[in-house]
Amino acid sequence: SLQIQMDELPSMEGAIAALNSMRIREEREQRFFSSSVDPEEAGRCQCDCCPPRDRQETGDYCCASLFSLPLLSKGRDMRDGLLAKMEGLNGHSCITKHPLITECILTDAVVLASAEVFSMLTGETIADENKSLRYGAYRLFIAKTMGTQGKGQTVRLPACFVEAVRQLWPSPTYTGFSCSEVVDV
């Protein structure tokens, strides 16, 4: 067991600096595209399925950007996972039109099963069914394309996929992408 003496606790400034350092590291680890890529270029829709740019968050990107722009490690993992599972895009302009997504992820039965398994594993009840279904779809997308990322590891998904999920299971408000709340100790 870890025991910390009171005189070993960091000062408030030290704690804030440590949290900021962790946030910066996490933001760097979350990046999909090379620093040479303009975020607006990555966010420009090339697949005709992304929401309008004014409805996207900073950092959102089109699925086609994964196949056309220089990528960092996480981006390569996503791209390679998509290509391996989809065996190429097979003429589809957007990943959301591919059978892997339409038949294996974006179905009520599949995402409900995912939401219920997550509820069972975490002990969290399903209070907002559409929210649970959206999160089920997001978890399935990551599991199918990139594999298990580990507790607290979040991955920004393509804007077109998020839009497809939101159209199927809408809400008057959306959380949007957020970094993990898990803190390294």
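Computed over heavy atoms, backbone and side chain alike; hydrogens, waters and symmetry mates excluded.
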Distance, nearest 0.5 Å, that separates CG of Leu72 from OG of Ser34: 6.0 Å

ILVMFWY cluster, Leu157 and Leu168 together (side-chain gap under 4.5 Å): yes

Short side-chain to backbone donor-acceptor contact, Arg134 and Val165, under 3.5 Å: no

Nearest atoms (heavy-atom pairs only) where Leu66 meets Gly75: CD2-O, 4.0 Å

Nearest non-hydrogen partners of Trp169 and Asp108, listed with the distance: NE1-OD1, 2.8 Å

Side chain Asp60, main chain Glu57, donor-acceptor under 3.5 Å: yes

Validation row: Phe141, Leu106 side chains within 4.5 angstrom (heavy atoms): no

Within one Ile-Leu-Val-Met-Phe-Trp-Tyr cluster: Leu133 and Phe118, side-chain cutoff 4.5 Å: no

Within-4.5 Å side-chain heavy-atom neighbours: Cys50 and Glu163: no

Row check, Phe67 ring normal vs Arg79 NZ/CZ: under 6.0 Å, within 45°: no

Test of ring centre spacing under 6.0 Å for Phe32 and Tyr61: yes

Ile105 CD1 to Tyr138 OH distance, which is reported to the nearest 0.5 Å: 12.5 Å

Backbone N/O of Ala159 and side chain of Gln56: donor-acceptor pair under 3.5 Å: no

Asp38 and Phe33, any side-chain heavy atoms less than 4.5 Å apart: no

4.5 Å side-chain heavy-atom contact, Pro158 and Ile95: yes

Any Glu40 side-chain heavy atom under 4.5 Å of Arg53 side chain: yes

Atom pair CD1/CZ of Ile142 and Arg139 - distance to nearest 0.5 Å: 11.5 Å

For Arg156 against Gly59, the heavy-atom pair lying closest together: CD-O, 2.9 Å

Donor-acceptor contact present, side-chain Asn130 to main-chain Ser171, <3.5 Å: no

Value rounded to 0.5 Å, distance of CD in Glu41 from OG in Ser36: 8.5 Å

Distance in Å, Met78 CE paired with Ser73 OG, rounded so as to fall on 0.5 Å steps: 12.0 Å

Spacing of Phe161 atom CZ and Cys94 atom SG [to the nearest 0.5 Å]: 10.5 Å

Heavy-atom pair with the smallest gap, counting every atom of Arg76 and Leu71: NH1-O, 2.9 Å

Heavy-atom pair with the smallest gap, counting every atom of Ala115 and Ser132: CB-O, 3.5 Å

Shortest non-hydrogen contact from Ala42 toward Leu69: CA-CD1, 3.7 Å

Close side-chain approach of Arg44 and Cys62, heavy atoms under 4.5 Å: no

Within one Ile-Leu-Val-Met-Phe-Trp-Tyr cluster: Leu83 and Met146, side-chain cutoff 4.5 Å: yes

Within-4.5 Å side-chain heavy-atom neighbours: Met86 and Pro99: no

Close side-chain approach of Tyr135 and Val111, heavy atoms under 4.5 Å: no

Side-chain donor/acceptor of Ser119 to backbone N/O of Glu124, under 3.5 Å: yes

